[in-house]
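These values consider heavy atoms only, across backbone and side chains, with no hydrogens, waters or symmetry-generated copies. In this text the structure is predicted, and so the values were computed from the model without any measurement. Counting starts at 1 for both ligands and their atoms, in listed order.
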Amino acid sequence: MLAGRTALVTGSTSGIGLAVARALAKAGARVMLNGSRTAADAEALRAELAASTGVEVAYTQANLAQGASARALVEATIAAFGSVDILVNNAGIQHVAAVDAFPDDTWDQLIALNLSSVFHTTKAALPSMKARGWGRIVNIASAHGVVASPFKAPYTASKHAVVGFSKAVALEVAEQGITCNALCPGYVRTPLVEKQVADQAKVHNLPEDRVIREVILAAQPTRQFVEADEVAAFTLFLCSDAARSVTGSVQLIDGGWTAR
Ligand code: NAD
């Protein structure tokens, strides 16, 4: 389905990003991986993905909290593969704390990665998409892109902003064969959430299985985690030609969370 296309997936050495990279590679796209792994770990992952899918896979380490690094990642993708046709802005972090106790430097870091990197990679990738008259941008926002939770104000702010940014970009490029959408998962069991489970277990003095059901998944009516593979399959659809009219949209994959 995506043979001949090139995909850059940020934060693709773990969790949702890795599942998305795998799905796009299986569909035939050349993939640029990115994340914060050691060089040896990243090479093992790159080689495994290339061998299991038969497509070209590259890896570039980049700290996307820095604008110059985010732009350099896009340039490295174009240098390696000749274009960026699909951009999945996935890298993100979470930090749970009350606003009046939230560390200033963590706010700066979170906004730099969750929001500003999306601007920098999009800005750098659009000329390549415009030149080819085809592009897909999928921004992995969150259910926190449309609703809020206490103690997650910076994360909620960053994801609401990503939703707004996605809509505005979609309008700008609507006539150029380029779509831009925000994909908003509920809770997906990844290292990012494992950390929250462990933290909440300490805070509530509960075993982890009760924390998962009574605290973490209390907001998610299915009481089941969304699987990273489900988010990957949705992303793959948004990258397909069948989804060419799906743009500027906010797609929810949240087990009914935001229906409440
Ligand atoms: P994860 O922690 O498993 O993976 C995060 C990825 O981002 C890793 O590859 C990591 O190396 C990379 N990364 C972290 N900091 C980076 C930096 N400064 N520069 C470059 N890469 C960096 O997390 P995940 O749960 O897979 O989350 C992926 C995205 O999905 C995030 O944007 C997150 O906000 C969003 N999301 C997650 C959930 C969930 O429940 N897990 C729900 C909704 C949205």
The one among Asn114, Asn90, Ile140, Val188 that brings a heavy atom closest to atom 32 (O) of ligand 1: Asn90

Is the closest heavy atom of Lys159 to ligand 1 under 4.0 Å? yes

Tell me, which protein residue and heavy-atom name are nearest atom 23 (O) of ligand 1, and how many Å apart are they? Leu192 CB, 3.5 Å

Can you give me the closest heavy-atom contact between Val173 and Leu126, atom names plus distance? CG1-CD2, 4.0 Å

Identified side-chain hydrogen bond (donor to acceptor under 3.5 Å, both in side chains) counterpart of Ser166 within the set Thr179, Thr122, Asn139: Asn139

Is Asn90 reaching over with its side chain to a backbone N or O of Gly11, donor-acceptor style, under 3.5 angstrom? yes

Looking only at protein heavy atoms, identify the closest one to atom 16 (C) of ligand 1 and say how far it is in Å. Leu113 CD2, 3.8 Å

Counting only heavy atoms, tell me which of Val193, Ile16, Val9 gets closest to atom 37 (C) of ligand 1. Ile16

Name the closest protein heavy atom to atom 1 (P) of ligand 1, giving the residue it belongs to and the distance to 0.1 Å. Ser14 OG, 3.6 Å

To the nearest 0.5 angstrom, please state how far the CD atom of Gln200 sits from the CZ atom of Phe151. 9.5 Å

Is it the case that ligand 1 has an N or O less than 3.5 angstrom from some N or O of Gln109? no

Heavy-atom gap Gly186 to ligand 1 smaller than 4.0 Å: yes

Report yes if Gly35 has an N/O atom closer than 3.5 Å to an N/O atom of ligand 1; otherwise report no. no

Any chance the side chains of Gln196 and Lys152 put a donor and an acceptor closer than 3.5 Å? yes

Which residue owns the protein heavy atom closest to atom 5 (C) of ligand 1, what's the atom, and how far is it? Gly92 O, 4.1 Å

Give the residue, atom name and distance (to 0.1 Å) of the protein heavy atom nearest atom 18 (N) of ligand 1. Asn63 OD1, 2.8 Å

Students should be able to answer this: which protein heavy-atom is nearest to atom 20 (C) of ligand 1, and at what distance? Ala62 O, 3.1 Å

So is Ala141 close enough to ligand 1, meaning a heavy atom under 4.0 angstrom away? yes

Does His95 form a ring pair (Phe, Tyr, Trp, His ring centres under 6.0 Å) with Tyr155? I'd like the steps, not just the answer. CA-CA 7 Å; His95 185 85; Tyr155 184 82; over 10 Å; no

Hey, does the side chain of Asn181 reach the backbone of Ser249 with a donor-acceptor pair shorter than 3.5 angstrom? yes

Return yes when Phe225 approaches ligand 1 closer than 4.0 angstrom through a heavy atom, no otherwise. no

Between Asn34 and Ser12, is any side-chain donor less than 3.5 angstrom from a side-chain acceptor? no

How close does the nearest protein non-hydrogen atom get to atom 24 (P) of ligand 1, and which residue and atom is it? Thr190 OG1, 3.5 Å

Determine the sole option in Arg30, Arg5, Arg132 for which the side-chain hydrogen bond (donor to acceptor under 3.5 Å, both in side chains) test with Asp85 is passed. Arg132

Give the minimum heavy-atom separation between Gly255 and Pro221, together with the two atoms involved. O-CD, 3.1 Å

Give the residue and atom name of whichever protein heavy atom lies nearest to atom 9 (O) of ligand 1, and the separation in Å to one decimal. Thr13 OG1, 2.8 Å

